[in-house]
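Notes follow once the structure below has been shown.
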Amino acid sequence: MKTALWYPYAQHKTMSTPLKVKKAEGCIITLEDDSQLIDAISSWWCTIHGYSDKQLIQAAHNQNQKFSHIMLGGLTHYPAELCAQKLVDITPNGLNHVFFSDSGSVGVEVAYKMAVQYWKNKGQSNKTTFIALKNAYHGDTTGAMALTDPDEGMHTLFNGALIKHHFIDINNNFENTLKQLCENQNQTIAGFICEPILQGAGGMQLLNPATLRKAKEICDQYNILTIYDEVFTGFGRTGTVFASEQIGITPDIMVLGKGLTGGFIGLAATMATSNIFNAFYHDDYSKAFMHGPTFMGNPTACAVALESITLFYKRNYLSAIQKIESILTKELKTISHSKIKNIRIKGAMACIEVFNESQLKGIEEFAQENGVFLRPFNRFLYTTPAYIISEQELLKICSVIKKFFQLF
Ligand SMILES: *Cc1c(COP(=O)(O)O)cnc(C)c1O
């Protein structure tokens, strides 16, 4: 396909023609030929309210009528101020400051720079590297790519062009390895970053909260900051509003994106504790945080995020997520097939891992013929539905998955 529009992670020569969307509402995507698909993955797990939510549209419209964008340099506005305060109110205790940006990857870059400058401001300019986890995914920009698993992640080919960090396996002698690393190299390590509880694009891997609690303890002991990338897990995906709650600790820095606006429009937030913020608070201007994207705190995005958060609570999504989890568990957890290596279910996420990628060949077309939109990556077939999905729609997704493995 030679087209003006260049698609993501796509080999244009061999790719199948993308499905052309005419309309998307709730969990239903309507294509140009009027056929309809139930969306099983919520546009890379971000559209938590489904598509075209009337309330979000109204919130965007109301703000657009006043002004759709204005910079935060020398100016400010209620949507950004109120959204920041709202995030402080609902996130784990102690995350009192919010730096906005426009995408999850940039939110991670901000966390990265914040951690490095934090130590620099404290007179420790050698603390510039990070510890990250095997199977981690933190985004597509260079700083974030460097924190993504260099062997199994999607950025292996850029290895030579990226800063080298320390990657460790949470399932293999983790505590000792982390301790050793911290002990030997704490003079050069700024922080430890992970996706708490659930690693997303690295294969929907579940992490043990007790292990992450231990990691925080060790990092604290050696003066290494803890950064949680909740771009995927934030806003309910793992069954609590934030995955951090299941670990029971407040990270030094936390990143939110994707579901922050209910997938309506790009917005990310990098949140920090007062301890972090105060290291930048100084009479000396050179201690100020050196970052400021043009579209940071975009008023329309912030107004939509505020409405999205309000709806999250008003619609009692946590109980909807619990219901989704129980349906996914009942329908999928016990299926077994020689192709299936492992099945993982957590909150509003189910992942079926097969032994090798070729075993999922044809699933997208098969799902489409059966009225469902699925799009696995590598060996991972997953569903991350919108929280407003009906029981009937969810059962349909599960039945298509089971049918693919000929379990009916
Ligand atoms: C999607 C994702 C990102 C990157 O967000 P973008 O908005 O795509 O830049 C970062 N971290 C995690 C955990 C993600 O799932």
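Quick note: numbers below take in every heavy atom, side chains included, and nothing from hydrogens, waters or symmetry partners. Whatever order the structure lists ligands and atoms in, that order sets their numbers, starting from 1.
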- Any side-chain donor-acceptor pair under 3.5 Å between K346 and Q246? yes

- Task: Indicate whether the side chain of T300 and that of N64 have a donor and an acceptor atom separated by less than 3.5 Å.
- Result: yes

- Message: Checking D39 against Y51: is there a side-chain donor and acceptor pair closer than 3.5 Å?
- Response: yes

Throw together a table of side-chain donor-acceptor distances under 3.5 angstrom for residues 79-90, partners on residues two or more places apart or in other chains.
| residue | atom | partner | partner atom | Å |
| --- | --- | --- | --- | --- |
| Q85 | NE2 | D89 | OD1 | 2.9 |

- Distance from atom 9 (O) of ligand 1 to nearest protein heavy atom, with residue and atom: S105 OG, 2.6 Å

- Write out all pairs satisfying salt bridge (Lys or Arg N to Asp or Glu O under 4.0 Å) with one or both partners inside residues 228-247, taking only residues at least two apart or from two chains. none

- E195-ligand 1 polar pair, N/O distance under 3.5 Å: no

- Query: Quick one: does ligand 1 sit under 4.0 Å from the side chain of H138, the backbone, both or neither, non-hydrogen atoms only?
  - Reply: backbone

- How close does the nearest protein non-hydrogen atom get to atom 11 (N) of ligand 1, and which residue and atom is it? D229 OD2, 2.7 Å

- Query: Picking from N278, N275, D252, what satisfies side-chain hydrogen bond (donor to acceptor under 3.5 Å, both in side chains) with Y118?
  - Reply: N275

- Would you say G104 and ligand 1 have an N/O pair spaced under 3.5 Å apart? yes

- Query: Can you tell me which residue and heavy atom of the protein come closest to atom 2 (C) of ligand 1, and the distance to 0.1 Å?
  - Reply: K258 NZ, 2.5 Å

- Message: Please classify the W45 to ligand 1 contact at 4.0 Å (heavy-atom distances, strictly less than): side chain, backbone, both or neither.
- Response: side chain

